[in-house]
Amino acid sequence: LRYLSIKPTPHIGIQAGGFAQGQAGYGYWFQTERDSFVSYTWNLGSAGSSNLATPRVYFSQSNATEPVSVSYTTKSGCTGRTDTVIRILGLTGYYFPTSFTPNGDGINDAFGIAGPEYVKQYKLHIFNRWGEKVFYTENPWETWKPQTELPGQYIYKAVVQDIYSRWKEVDGVVLLVR
């Protein structure tokens, strides 16, 4: 009499998230919903392949669909494969005005990011021409309404996380006109 041991094929989901947009393209990370495997083989569409447990790759186009699959081996020697298709989303564009007039007339009286409803996390720093910080906020709905600052150019630096959990750094110059 012989006994046969049958083990079910493991099935797992693929998790993904964006991490950056830059010269290299649209950055995404991938992982399985369990991390108890001894080997991975990822096929990441146009971004290539990887044997890492959590690969980080760049895709060259946004609003494109990409096939993603992972083959894996468990500690007990079982193998499986999971396939999915993802849509590559570019970072939300962020707009900061180039000038504003805080004169109390109700028009362009404050400086801040346009479209704060598309922002998940945010840090905004504003510096004067001597490099001194004159304003800071982590609230995308809060705007800079200078009371005593002199007219002229101010430098801003923002770190923004979009609604897809991807980060982008934005910096520039704004003109305060009185």
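Computed from a prediction, not measured in an experiment: that's the story for all the values here. Values reported hereafter were calculated over all heavy atoms of this structure, with side chains retained and with hydrogens, waters and symmetry mates removed.
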Please evaluate residues D162 and Y94 with respect to the criterion side chain to side chain contact (heavy atoms under 4.5 Å, CB included), reporting the C-alpha separation (whole Å), side-chain torsions for both, the decisive distance (0.1 Å), and the verdict. CA-CA 9 Å; D162 72 6; Y94 298 111; 2.8 Å; yes
Supply the atom-to-atom distance I14 CD1 to T82 OG1, rounded to the nearest 0.5 angstrom. 5.5 Å
Hydrophobic cluster (4.5 angstrom, side-chain heavy atoms) - remaining members for L175: V177
Hits for side chain to side chain donor-acceptor pair (under 3.5 Å) against S49, two or more places apart or cross-chain, chain-then-number order -> none
Would Y122 end up clustered with I155 when hydrophobic side chains under 4.5 Å apart are linked, directly or stepwise? no
Under the criterion ring-ring contact (aromatic ring centres under 6.0 Å, His included), I'd like the reasoning laid out for F100 against W144: C-alpha separation, chi angles, the key distance, then a yes or no. CA-CA 10 Å; F100 70 118; W144 180 41; 5.4 Å; yes
With a cut-off of 3.5 Å and sequence neighbours excluded, list every side-chain donor-acceptor pair involving residues 126-137.
{"residue": "N128", "atom": "OD1", "partner": "W130", "partner atom": "N", "Å": "3.0"}
{"residue": "N128", "atom": "OD1", "partner": "G131", "partner atom": "N", "Å": "3.2"}
{"residue": "N128", "atom": "OD1", "partner": "E132", "partner atom": "N", "Å": "2.9"}
{"residue": "N128", "atom": "ND2", "partner": "E132", "partner atom": "OE1", "Å": "2.7"}
{"residue": "R129", "atom": "NH2", "partner": "P151", "partner atom": "O", "Å": "3.3"}
{"residue": "K133", "atom": "NZ", "partner": "H125", "partner atom": "ND1", "Å": "3.3"}
{"residue": "Y136", "atom": "OH", "partner": "E138", "partner atom": "OE2", "Å": "2.5"}
{"residue": "T137", "atom": "OG1", "partner": "N139", "partner atom": "N", "Å": "3.0"}
{"residue": "T137", "atom": "OG1", "partner": "E142", "partner atom": "OE1", "Å": "2.6"}

Checking S46 against E66: is there a side-chain donor and acceptor pair closer than 3.5 Å? yes
Is the side chain of D109 donor-acceptor paired with the backbone N or O of G104 at a distance under 3.5 Å, no angle test? yes
Polar side chain donor-acceptor pair, S39 to T73, under 3.5 angstrom: yes
Same hydrophobic cluster for L150 and Y156, using side-chain heavy-atom links shorter than 4.5 Å among ILVMFWY? yes
Hey, does D83 have a side-chain heavy atom less than 4.5 Å from the side chain of R81? yes
Between V85 and W42, is there shared hydrophobic-cluster membership here, with clusters defined by ILVMFWY side-chain heavy atoms closer than 4.5 Å? no
